[in-house]
Amino acid sequence: MYRIHNFSPGPAALPLEVLQQAQETFIEYGSSGMSVMEMSHRSGEVERLFVETSQLLLELLGLRSGYKVLFMGGGASMQFALIPMNFMTHDKAGHYILSGSFAEKAFLEARTIGDANVAASTKEKNWSSLPGIDEIRPGANSAYLHITTNNTIEGSQFHVLPDAGHIPLIGDMTSDLLGRSIDFTKFSMFYAAAQKNLGPAGVTVAVIREDLLERCAEQIPAIFKYSTYAQHGSLYNTPPVHSVFMMKLMLEWTKRQGGIKEMEERNSEKASLLYDAIDRSGGFYKGMIAESDRSKMNVTWRMLDDGLEKLFVQASERNGFEGLAGHRSVGGLRASAYNAVPVQACVELGAFLVDFQRRYG
Ligand SMILES: *Cc1c(COP(=O)(O)O)cnc(C)c1O
């Protein structure tokens with residue numbers, strides 16, 4: 001079997017072990033006589049699957065009581081709309097930290113719902129660094145402060161969280177949840193679409209503190225309300241059962257590897273292998289993000305011109321690497337080294353960077 005080194009930004013690499021487990025259980029789930037995909041979402045098995053998956057996630061995050069885990073469809077992008085729908089009020093605006101294009105998308109979506117304000121922005125710097133933590137000032141009339149903890153497209157990551165005081169902090173952690181330890185208790189809510197660190201596409205997980213859940217707007221459709229999902233154990237309507245099953249396999253894998261702490265160590269090592277090759281290239285490769293704000297999940301860099309970058313992508317594909325072209329909106333190169341990408345893949349990519357420079361530098 002041939003397995004490429006998959007550096008895709010999402011959907012992204014999954015551990016071979018997880019894929020094999022999924023294959024083994026594809027036709028029969030437990031001793032049920034059917035696939036999990038054929039199973040009623042009203043069955044005891046599916047109910048148990050959802051409870052166990054949410055408990056496992058909270059265990060990995062080190063969160064005890066007071067939080068609800070919700071499994072939802074619609075991707076992270078749907079959360080961009082649901083957050084203002086649920087938590088903006090007639091006299092309280094949503095506040096947004098603009099640190100990259102997904103953060104801006106969340107903000108623009110919120111503006112279609114109501115009053116959304118910018119708490120800090122580095123758009124005028126082309127997102128090449130993050131707003132300073134002290135510059136972030138949600139107004140007193142904030143319904144919440146929204147932060148994108150890792151900017152997947154640009155390759156930046158908040159290493160320190162802002163202090164939102166009594167204002168609920170809501171985090172889009174789509175591209176770094178379970179990738180590093182962070183004080184999750186600072187958040188009233190965080191969410192992640194699965195297709196980066198948590199499994200295949202199809203499900204988005206939202207972790208919400210119960211005091212925020214109580215504030216969900218009443219006058220919105222039930223299907224858009226977080227409290228509906230909480231009250232029904234995410235089984236109000238037919239959920240993406242198979243994607244949740246895959247997430248459970250991925251969480252079990254994460255636990256077997258040693259949990260978040262081990263993931264963080266590996267991710268630091270992986271990122272260093274790539275940043276070192278970039279920084280030692282004497283300008284042949286140029287990192288796109290201020291050093292102190294660099295992401296450990298998405299490593300971005302540029303080369304002299306488009307032509308050389310195209311050549312790099314072509315050569316990388318011939319050498320067994322996938323997904324290294326930068327996002328179409330920013331260009332350049334990007335290596336997304338999520339949890340499931342092995343250290344060895346980054347060792348080899350680091351060596352490839354050096355070798356490519358030797359040939360074309
Ligand atoms: C990938 C990503 C999104 C978009 O997720 P969808 O599931 O495609 O809606 C949003 N935010 C961040 C930080 C992401 O990495």
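Being a predicted model, the structure only gives us computed values, none of them experimental. Numbers for residues simply follow the sequence, beginning at 1.
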| query | With R318, which residues qualify under salt bridge (charged side-chain N to carboxylate O under 4.0 Å, His left out), at least two apart? | reply | none
| message | Tell me if the CZ atom of R328 is crowded by more than 12 foreign heavy atoms within 6.0 Å. | response | no
| said: If you apply the rule side-chain contact (heavy atoms from CB on, under 4.5 Å), what do you find for E252 with L56, and how did you get there? | reply: CA-CA 8 Å; E252 287 168 346; L56 186 52; 3.6 Å; yes
| said: Tell me whether R180 is salt-bridged to D176, with the criterion being a basic N under 4.0 Å from an acidic carboxylate O. | reply: yes
| Hey, are S181 and E264 close enough side-chain-wise for a donor-acceptor pair under 3.5 Å? | yes
| remark: CG (L273) and SG (C346) are apart, to the nearest 0.5 Å, by 6.5 Å
| said: Can you give me the closest heavy-atom contact between I167 and L145, atom names plus distance? | reply: CG2-N, 3.8 Å
| query | Is it true that R358 and D355 have a side-chain N and a carboxylate O under 4.0 angstrom from each other? | reply | yes
| task | Quick one: do I113 and I83 satisfy side-chain contact (heavy atoms from CB on, under 4.5 Å)? Show the steps, please. | result | CA-CA 10 Å; I113 308 289; I83 289 162; over 6 Å; no
| So among F87, F102, Y96, F187, which one has a ring pair (Phe, Tyr, Trp, His ring centres under 6.0 Å) with H146? | Y96
| query | Would you say T89's side chain and K92's backbone share a donor-acceptor pair under 3.5 angstrom? | reply | yes
| field | Least distance between heavy atoms, S99 atom then A103 atom | value | N-CB, 3.7 Å
| message | Check K255 with E59, please: is the shortest side-chain N to carboxylate O separation under 4.0 Å? | response | yes
| request: Indicate the atoms forming the closest heavy-atom contact of L308 with M303, along with that distance. | output: CG-CE, 3.7 Å
| query | Can we call the ring centroids of F71 and Y229 under 6.0 Å apart? | reply | no
| Salt bridge or not for K261 and E265, using N-O below 4.0 Å? | yes
| query | Between S227 and C216, is there a donor-acceptor pair closer than 3.5 Å when you use the side chain of the first and the backbone of the second? | reply | no
| If only atom types and distance count, is the side chain of H159 paired as donor or acceptor with the main-chain N or O of R294 below 3.5 Å? | yes
| message | Under the criterion salt bridge (Lys or Arg N to Asp or Glu O under 4.0 Å), I'd like the reasoning laid out for K105 against D172: C-alpha separation, chi angles, the key distance, then a yes or no. | response | CA-CA 12 Å; K105 263 184 147 175; D172 178 356; over 6 Å; no
| Under 3.5 Å donor-acceptor, S243 side chain and A201 backbone | yes
| Hey, is K310 close enough to D305 for a salt bridge, meaning N to O under 4.0 Å? | no
| said: Less than 3.5 Å apart, any donor N or O on the side chain of N298 or Y338 sitting next to an acceptor on the other? | reply: yes
| field | Donor-acceptor under 3.5 Å (E269 side chain, V343 main chain) | value | no
| message | For Y285, is there any backbone N or O sitting under 3.5 Å from a side-chain donor or acceptor partner on S281? | response | yes
| query | So, does N86 use its side chain to make a donor-acceptor pair with the main chain of Y226 at under 3.5 Å? | reply | yes
| request: Would you indicate whether K123, at its atom NZ, is surrounded by more than 12 heavy atoms from other residues, nucleotides or ligands within a distance under 6.0 Å? | output: no
| said: Is it the case that atom CD in E124 sees more than 12 heavy atoms from other parts of the structure closer than 6.0 Å? | reply: yes
| Is a side-chain donor-acceptor pair under 3.5 Å present for K196 with S175? | no
| Is the CZ atom of R111 crowded by more than 12 outside heavy atoms at less than 6.0 Å? | no
| query | With under 30° as parallel and over 60° as perpendicular, where do the rings of F321 and F7 fit, or are they tilted in between? | reply | tilted
| field | Greater than 12 external heavy atoms within 6.0 Å of R42's CZ | value | yes
| field | NZ/K125: more than 12 non-hydrogen atoms of other groups inside 6.0 Å | value | no
| task | Please report the closest heavy-atom contact between S295 and N150, naming both atoms and the distance. | result | OG-OD1, 2.6 Å
| Residue R256 excluded, over 12 heavy atoms near CZ under 6.0 Å | yes
| message | Rounded to the nearest 0.5 Å, what separates atom CG in L251 from atom CE in M247? | response | 6.5 Å
| query | Are the ring centres of F352 and F312 closer than 6.0 Å? | reply | yes
